[in-house]
Amino acid sequence: MLEFVVPGLFQPLRLWRSDFAFEPAAPSILRLCAGARRVAVPVQGLENTLFAALGHCADDELPIAYYRYCLDFGVPPTEPLVCADPVWMRSGIDQVTLNATLPTPDHAAATQLQALLNAHLAQDGLRLVSQHPQRWYLLGSALTGETAPRTVPLSQALGQSVFALLPQQNRRYWHRLLNEIQMLLHDNPHGINALWLWGVSDCAQPPRLTPRWDSVIGNSVTAQTVALAANVPYQAATALAQTDYASGKHLVILEDLALPALGDNPTVWQTALDALQTAWFEPALVYARNGQVTLSSADGREWHCQPPAAWRFWQPRLASWAQLLESA
């Protein structure tokens, strides 16, 4: 079984088809989804969808920081923590928007900025650490119990107005702290003017998740983190042919469409989709003759794609975009 999760596949299309008369070219996906059965999923967003599939309660904070820290450092954290990733926010007349493209500081820049911020954070018993210059963590006792914030995953905040997405629970404290961080980062030359907090984790109580797949396939930190959380092998690949997928259940995470979807760029999006079709969906179409395939855009729906019975000659050979966007 192959389970594809492709954020950005369906999300922008209703607007693009309406405003630009944009009609995607994706014959492999339309053939794959011909006669597919739509199943509702109670969550939306990439990380929410993936962790819900592992049995994580949708009402609880996503424990991303714990697993990603283990991935980056090779050992579990010893303090409560939260991902505190460097971002760029744009101020407008009536809103502040999180830039869809993330900063890319090097190790020297990350070390310099963390030293600046840690001198201030120490008074609250907090500190920043990182192993990778673009993936930071905030650690401290304020991240557990009643003072811990409720957060929104970074992937769901990119390109959005941030006011409704900032940490909840003990809001006054966390909003004040984030404002102070922004003031300290003002005018630095590294394209970073804020931190995005998400995925609060309590190291004393590692979450227990239920494995659903035999491996996770992809080429991203998200795919590696989910494989670690599920305690299954990770297959790094840029094409299905590079993986061992003939038997068992495998999750395939493809994030190539997310950024062009957020950037409202149909041309770049289509180019990325063309590459995904060649590398992933054309071989998946062959696999679907005898195996089960599901497709999700992390938009609250899954499409269960199975080959039609030979006698159902009237079944259309191609799905339509109108069908796939229904109730999206």
Side-chain angles (χ1 to χ4, degrees), residues 1-18 20-46 48-50 52-54 212-218 237 239-241 243-258 261 266 269-328:
M1 180 177 181
L2 292 174
E3 296 187 31
F4 286 93
V5 178
V6 191
L9 175 58
F10 298 133
Q11 285 89 336
L13 294 186
R14 188 182 297 277
L15 180 64
W16 289 354
R17 294 176 84 228
S18 172
F20 311 136
F22 176 70
E23 197 67 15
S28 296
I29 291 175
L30 295 183
R31 287 181 62 192
L32 193 63
C33 292
R37 178 170 56 93
R38 188 184 70 201
V39 176
V41 178
V43 295
Q44 296 189 30
L46 178 59
N48 289 333
T49 298
L50 297 173
L54 290 171
R212 170 171 161 173
W213 312 286
D214 296 304
S215 79
V216 175
I217 299 170
L240 192 57
T243 71
D244 180 11
Y245 68 92
S247 62
K249 297 180 179 180
H250 307 279
L251 170 68
V252 184
I253 303 173
L254 305 175
E255 300 179 56
D256 308 63
L257 302 180
W269 182 93
Q270 181 65 64
T271 300
L273 182 61
D274 291 342
L276 290 182
Q277 285 199 101
T278 301
W280 299 96
F281 292 111
E282 289 176 7
L285 194 57
V286 175
Y287 171 87
R289 294 171 185 169
N290 298 299
Q292 185 177 356
V293 176
T294 68
L295 176 63
S296 169
S297 186
D299 63 352
R301 305 172 306 149
E302 284 182 351
W303 293 94
H304 290 230
C305 314
Q306 294 178 326
W311 55 270
R312 298 180 70 175
F313 58 88
W314 65 85
Q315 188 161 14
R317 296 177 57 193
L318 291 175
S320 70
W321 288 110
Q323 292 170 329
L324 295 179
L325 296 177
E326 181 183 358
S327 301

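Index from 1, following the sequence.
- When the shell of 6.0 Å around CZ of R31 is examined, it contains 12 or fewer heavy atoms from other residues, nucleotides or ligands.
- From S18, atom OG reaches atom CG of L13 across 12.0 Å, with rounding to the nearest 0.5 Å.
- Considering every non-hydrogen atom in both L50 and W213, the closest pair reads O-CH2, 4.0 Å.
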*Mind running side chain to side chain contact (heavy atoms under 4.5 Å, CB included) on I29 and W303 for me, showing each step along the way?*
CA-CA 11 Å; I29 291 175; W303 293 94; over 6 Å; no
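- Here the closest non-hydrogen pair linking A246 and Y287 is O-CE1, 4.2 Å.
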_Full working for side chain to side chain contact (heavy atoms under 4.5 Å, CB included) between C33 and L295_ = CA-CA 8 Å; C33 292; L295 176 63; 3.7 Å; yes
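- With sequence neighbours excluded, the residues forming a side chain to side chain contact (heavy atoms under 4.5 Å, CB included) with P266 are W16, F20, F22, listed by chain and number.
- What you find for T49 and G45 is that their closest heavy atoms are OG1-O, 2.7 Å.
- In summary, the side chains of Q270 and D274 do present a donor paired with an acceptor at a separation below 3.5 Å, with no hydrogens or angles considered.
- Atom CG in L2 sits 9.5 Å away from atom CH2 in W280 (nearest 0.5 Å).
- From S28, atom OG reaches atom CD of E282 across 4.0 Å, with rounding to the nearest 0.5 Å.
- Counting heavy atoms from C-beta on, the side chains of H304 and Q292 come closer than 4.5 Å.
- Ring-plane geometry between F10 and W321 is classed as perpendicular, the angle between the planes exceeding 60 degrees on a 0 to 90 degree scale with a lower cut at 30.
- Between the side chain of R301 and the backbone N or O of R38 there is no donor-acceptor pair closer than 3.5 Å.
- Distance check: D299 CG to Q11 CD gives 5.0 Å after rounding to the nearest 0.5 Å.
- When all heavy atoms are compared, the tightest approach of A272 to D256 is CB-O, 4.0 Å.
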*What's the verdict on side chain to side chain contact (heavy atoms under 4.5 Å, CB included) for L276 and F4, showing C-alpha distance, side-chain angles and the deciding distance?*
CA-CA 11 Å; L276 290 182; F4 286 93; over 6 Å; no
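- Across G248 and D214, no two heavy atoms sit closer than the pair CA-OD2, 3.2 Å.
- What you find for H250 and D244 is that their closest heavy atoms are CE1-O, 3.5 Å.
- In this structure, OG in S296 is found 11.0 Å from CD1 in I253, a value given to the nearest 0.5 Å.
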*Does the side chain to side chain contact (heavy atoms under 4.5 Å, CB included) test come out yes or no for L9 and L273, once each step is laid out?*
CA-CA 8 Å; L9 175 58; L273 182 61; 4.1 Å; yes
